[in-house]
Amino acid sequence: MKKFNLKIFIALTALIFSTEFYLPNKIHAQDSIPETADFWSDYPAEKLADFLTSKLTDEELLSQIFMFSWAGQDDQDKMNLLNSWITDRGLGSVKIFGWKTDNIEQVARVVSAMQKRANSRRYKIPLFIATDQEGGNIRHVKGATSITPGNMAIGASGYPQDAYYSSYYINREICALGINMNFAPTVDLYTNRNSSVIGSRSFSQDANFTGELGAAFVAGSLAAGVIPTAKHFPGHGDTSLDSHGNLPSINIDYKTLDSRELVPFKYLISMNVPAIMSGHLSFPRIVSNGEPVSLSKVFLTDILRGELKYKGLIITDDMMMNGATMYAGSLSRAFTMAIEAGNDIILSSTTAHLNENLWTTNLNLMQSNPAFKAKVYESARRVILAKLNYFRSENTAPLYPDAEKVHELVPDREGQKFFLSQACRSITAYKKDGLPYKPAPNEKILLAGQNDFPEFFAAAEKRYGECAKFKYDYELGPIQADWMSNNIEIMARSYDTIIICVANERSALIADRLKRSGKRVIILSILTPVPVLNFTWANVVLFGYSYSPYSFEALFAALNGEFVPKGELPLK
């Protein structure tokens with residue numbers, strides 16, 4: 001790892017994380033708060049949180065700990081339903097999912113309208129507006145927002161400054177849209193090389209290094225005015241399964257978990273990270289009944305709160321994922337278990353209908369079970385206190401973003417320059433015997449890459465002129481991959497050099513067919529480098545870790561000898 005007075009950096013990060021960052025500048029010392037007070041009244045945050053929580057009805061308390069979805073949908077019925085939750089019940093939070101979010105002006109308009117609805121209620125409690133803008137290939141708010149090199153590229157560069165400024169510019173863009181919470185950074189370790197869900201979203205497989213980069217990322221988010229959320233507690237990296245479709249079972253003991261996966265979370269907890277996301281992951285050697293962490297009192301209350309002394313918000317991963325509902329048996333039961341386990345915000349990628357069981361069952365339970373009501377009350381107070389500390393600070397996302405001005409801020413102009421330089425620092429020369437590549441006169445070049453990435457072809461032809469092209473889809477079935485492999489082997493006979501983009505296992509199969517071609521083969525790997533780690537037969541193998549336009553530009557610049565790539569593979 002590149003060093004740069006790391007102790008000083010960590011100390012400054014701790015200062016940024018300190019409670020004082022969130023405290024309002026001016027508070028009064030009155031002990032009593034009048035009945036007319038609301039969220040914006042000028043009283044100490046702790047006292048005002050007590051007051052507001054005590055005044056909320058059971059319906060309002062339960063609504064405060066729910067986070068429902070807006071996905072850029074044009075369906076007015078869905079929008080009306082979400083608006084009803086905000087206006088009629090006092091919904092606490094909204095998550096922006098990246099299904100139809102290309103129109104950033106619409107995002108800003110909808111965020112502003114939702115916050116105005118929240119402000120129209122009697123206590124004027126604003127919404128947490130969240131999204132997944134990790135960088136790299138996880139980017140829920142699309143449109144003009146930056147496609148960045150991502151976490152593994154940061155790990156390859158080895159500089160905590162790259163983590164800090166990546167986060168700063170990513171979050172400054174979504175902050176301009178009124179988004180005040182980001183489900184990032186991902187501090188899962190790249191422990192299992194067959195991981196299908198983490199991969200290049202991980203900084204590295206080294207626990208301490210990941211903790212340092214995660215700390216820098218969180219500091220950058222706070223500096224940009226957005227609440228960061230470390231995920232997926234206690235670590236999603238040691239499984240090849242995706243908890244969207246299954247409940248991954250990770251067969252390690254607590255000693256291993258404590259000395260490995262928990263280390264990055266310990267870094268961030270020591271610096272008062274404001275939010276942590278609980279994962280839909282099972283650790284049967286730690287909790288023998290196989291319950292997911294997101295529904296586990298042992299993991300969230302005993303370990304995270306008790307043993308690790310965590311004080312901030314705990315937010316579930318999406319409760320619509322099978323990893324949660326399969327174990328619980330029903331969505332309403334999963335919501336109940338998540339509350340009982342100690343989560344403060346329960347996230348759903350859909351917006352529930354007003355009388356769904358997840359609402360009626362848990363509301364009835366509040367009214368019949370004092371212990372359950374106490375859990376809801378405790379979580380609602382923690383949410384309201386976090387909102388008071390955030391929204392009354394000097395560095396926040398705008399409640400009512402101006403949709404007419406968002407294109408002045410997104411993409412971030414400073415960020416564009418930074419992301420290109422960061423991509424260059426990340427490029428790793430895994431096999432470099434043929435660097436730099438300077439084609440001979442009349443050399444015939446074949447570019448092979450995915451239809452999805454025109455930037456690959458553009459960056460190549462910018463340097464090598466017009467080339468022949470062999471294109472295939474990013475998502476290939478086994479029969480398609482085999483057909484493409486046969487075709488490229490035949491086509492390669494007519495060319496001197498083949499430059500091929502490898503993004504996943506299927507495209508690696510196509511590239512591997514060139515092993516016996518006798519031609520010069522240049523592999524440009526994007527996303528996880530694992531599929532090509534054994535491609536030592538190629539003349540050149542460069543790792544870029546991302547399909548960002550900045551990464552393609554950096555890959556070809558390194559190939560062409562415009563700089564010497566110094567990135568280091570963040571895997572052992």
Side-chain angles (χ1 to χ4, degrees), residues 95 97-98 130-141 147-157 160 162-164 166-168 170-171 174 181-193 195-222 226-244 248 250 260-269 271 273-281 293-294 312-318 321 323 347 422 426 527-528 530 545-546 548 570-571:
K95 162 75 186 296
F97 279 86
T131 196
D132 284 285
Q133 207 80 348
E134 297 177 15
N137 61 317
I138 303 299
R139 169 177 159 263
H140 277 213
V141 179
I147 306 173
T148 75
N151 284 359
M152 184 155 281
I154 294 170
S157 80
D162 281 344
Y164 177 92
S166 291
S167 175
Y168 177 71
I170 288 168
N171 284 289
I174 63 173
M181 178 179 283
N182 192 3
F183 293 154
T186 295
V187 291
D188 303 303
L189 306 179
Y190 203 158
T191 309
N192 188 315
R193 297 293 175 86
S195 173
S196 63
V197 66
I198 300 302
S200 59
R201 297 166 68 187
S202 173
F203 289 113
S204 103
Q205 72 179 78
D206 182 273
N208 288 293
F209 185 33
T210 297
E212 291 166 3
L213 295 181
F217 193 104
V218 170
S221 182
L222 291 172
V226 175
I227 297 169
T229 307
K231 65 185 185 185
H232 306 79
F233 181 82
H236 203 312
D238 193 14
T239 175
S240 60
L241 295 178
D242 183 346
S243 52
H244 286 83
I250 300 175
R260 198 175 66 183
E261 274 77 7
L262 290 184
V263 170
F265 290 99
K266 291 177 183 178
Y267 268 78
L268 301 186
I269 290 168
M271 297 176 181
V273 64
I276 287 177
M277 176 173 283
S278 59
H280 303 316
L281 308 159
V293 170
S294 55
L313 294 172
I314 304 176
I315 305 171
T316 69
D317 207 343
D318 179 14
M321 292 160 63
L347 165 64
Q422 190 244 310
S426 74
L527 300 174
T528 174
V530 169
Y545 308 103
S546 171
S548 166
L571 303 175

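The analysis underlying the following values was restricted to heavy atoms, covering all of them including side chains, and did not include hydrogens, waters or symmetry mates.
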Novice: If you take all heavy atoms of P149 and S546, which pair is closest and at what distance?
Specialist: O-CB, 3.0 Å

Novice: Return the NE2 to CZ distance between H140 and F97, rounded to the nearest 0.5 Å.
Specialist: 7.0 Å

Novice: Identify the heavy atoms of P185 and G214 that sit nearest to each other, and give their distance.
Specialist: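 For P185 and G214, the tightest heavy-atom pair comes out as CG-O, 4.0 Å.
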
Novice: Can K231 and D132 be said to form a salt bridge (charged side-chain N to carboxylate O under 4.0 Å, His left out), step by step?
Specialist: CA-CA 11 Å; K231 65 185 185 185; D132 284 285; 2.6 Å; yes

Novice: Specify whether H232 and H236 have parallel, tilted or perpendicular ring planes, treating 30° as the upper limit for parallel and 60° as the lower limit for perpendicular.
Specialist: perpendicular

Novice: Quick one about N208 and Y267 (side-chain donor to acceptor, distance below 3.5 Å, no hydrogens or angles considered), yes or no?
Specialist: yes

Novice: Knowing that exactly one of D188, V293, I276, I250 qualifies, which makes a side chain to side chain contact (heavy atoms under 4.5 Å, CB included) with P234?
Specialist: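 Testing each of D188, V293, I276, I250 against P234, the sole residue satisfying side chain to side chain contact (heavy atoms under 4.5 Å, CB included) is V293.
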
Novice: For side chain to side chain contact (heavy atoms under 4.5 Å, CB included), just list the numbers for L268 and V187, CA-CA rounded to whole Å, side-chain angles, deciding distance to a tenth of an Å, and then say yes or no.
Specialist: CA-CA 10 Å; L268 301 186; V187 291; 4.2 Å; yes

Novice: Which residues satisfy the ring-ring contact (aromatic ring centres under 6.0 Å, His included) test with F233, sequence neighbours excluded?
Specialist: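 With neighbours one apart ignored, the set is F265.
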
Novice: Where do T148 and G135 come nearest, in terms of heavy atoms and distance?
Specialist: OG1-CA, 3.2 Å

Novice: What verdict does the side chain to side chain contact (heavy atoms under 4.5 Å, CB included) test give for F217 and N151, after you've listed the backbone C-alpha separation in whole Å, the side-chain angles of each residue and the deciding distance to 0.1 Å?
Specialist: CA-CA 10 Å; F217 193 104; N151 284 359; 4.2 Å; yes

Novice: Between Y190 and T210, is there a side-chain donor-acceptor contact under 3.5 Å, judged purely by atom types and distance?
Specialist: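 The answer is no; no qualifying pair exists.
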
Novice: Counting C-beta onward and ignoring hydrogens, is there a side-chain heavy-atom pair between I138 and R201 closer than 4.5 Å?
Specialist: yes

Novice: Please check this pair: side chain of S278 against backbone of I314, looking for a donor-acceptor N/O pair closer than 3.5 Å.
Specialist: no

Novice: Between the side chains of S294 and H280, does any donor sit under 3.5 Å from an acceptor?
Specialist: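 Side chains of S294 and H280: pair found under 3.5 Å.
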
Novice: Closest approach of G220 and S167, non-hydrogen atoms and distance?
Specialist: C-OG, 3.6 Å

Novice: Could you measure the distance from the CG atom of L571 to the CG atom of L189? Nearest 0.5 Å is fine.
Specialist: 11.0 Å

Novice: If I take atom CD1 from residue I170 and atom OG from residue S221, how far apart are they, to the nearest 0.5 angstrom?
Specialist: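 The CD1 atom of I170 sits 9.5 Å away from the OG atom of S221.
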
Novice: Taking all non-hydrogen atoms of both residues into account, name the closest pair between V530 and R193 and its distance.
Specialist: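 That would be CG1-O, 3.7 Å.
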
Novice: D162 and S166: side-chain donor and acceptor closer than 3.5 Å?
Specialist: no

Novice: State, yes or no, whether a side-chain contact exists between P570 and Q205 at a heavy-atom distance under 4.5 Å.
Specialist: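 Not in contact.
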
Novice: For T186 and E134, test the side chains for any donor-to-acceptor distance below 3.5 angstrom and give the result as yes or no.
Specialist: yes

Novice: Between E212 and D206, is there a side-chain heavy-atom distance shorter than 4.5 Å?
Specialist: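 No, their side chains stay 4.5 Å or more apart.
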
Novice: Examine distances only and state if a side-chain atom of Q133 and a backbone atom of N182 form a donor-acceptor pair shorter than 3.5 Å.
Specialist: no

